[in-house]
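Take a look at the structure set out below.
Remember, predicted model here, so these are calculated numbers, not experimental data.
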Amino acid sequence: MPPKNEPSEPSMEWMHITQSLEEELTLERSIREIEDCENIDVLSQLCVAMARQQWHQGKLLKQAVGHIALLDAVLSGSKETA
């Protein structure tokens with residue numbers, strides 16, 4: 001059993017997203033530009049690009065989280081044997 005001051009499960013706090021005010025405002029400006037766009041061709045191209053980007057980022061994120069989980073498991077195992 002781990003000591004009381006050590007969590008028994010690895011912390012997932014690193015997965016919480018914190019957004020600065022500047023980042024939030026930049027995102028909001030981009031969203032408003034998209035909402036104001038009336039050119040259907042531009043919106044179509046944007047949707048295609050975003051779908052491709054989302055797929056790639058989702059794949060990358062899945063691989064990265066899997067790798068991090070593996071590293072956490074290895075580190076947890078080495079702490080238990082130490």
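Atom CG of Leu61 is separated from atom CD1 of Ile68 by 8.5 Å, given to the nearest 0.5 angstrom. Here Ile31 contributes atom CD1 and Thr26 contributes atom OG1; the two are 11.0 Å apart, rounded to the nearest 0.5 Å. To the nearest 0.5 Å, the span separating CG on Leu46 from SG on Cys37 amounts to 8.0 Å.
The environment of Glu28 atom CD is dense: over 12 non-hydrogen atoms of other residues, nucleotides or ligands sit within 6.0 angstrom. The number of heavy atoms from other shown groups lying within 6.0 Å of CG (Leu70) is above 12.
In this structure, His16 and Glu13 have side chains that are in contact, with non-hydrogen atoms separated by less than 4.5 Å.
The minimum heavy-atom distance linking Leu43 with Ile34 is given by the pair CD2-O, 3.9 Å. Contact between Asp41 and Asn39 at its shortest, heavy atoms only, is N-OD1, 2.9 Å.
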Trace of the side-chain contact (heavy atoms from CB on, under 4.5 Å) decision for Lys62 with Lys59: CA-CA 5 Å; Lys62 182 179 178 182; Lys59 186 80 168 171; 5.7 Å; no
Test side-chain contact (heavy atoms from CB on, under 4.5 Å) applied to Leu71 and His67, step by step: CA-CA 6 Å; Leu71 292 174; His67 187 71; 3.6 Å; yes
Trace of the side-chain contact (heavy atoms from CB on, under 4.5 Å) decision for Gln19 with Leu27: CA-CA 10 Å; Gln19 194 176 33; Leu27 176 59; 3.7 Å; yes
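When each of Gln45, Met50, Arg52 is tested with Val48 by the rule side chain to side chain contact (heavy atoms under 4.5 Å, CB included), just one qualifies, namely Arg52.
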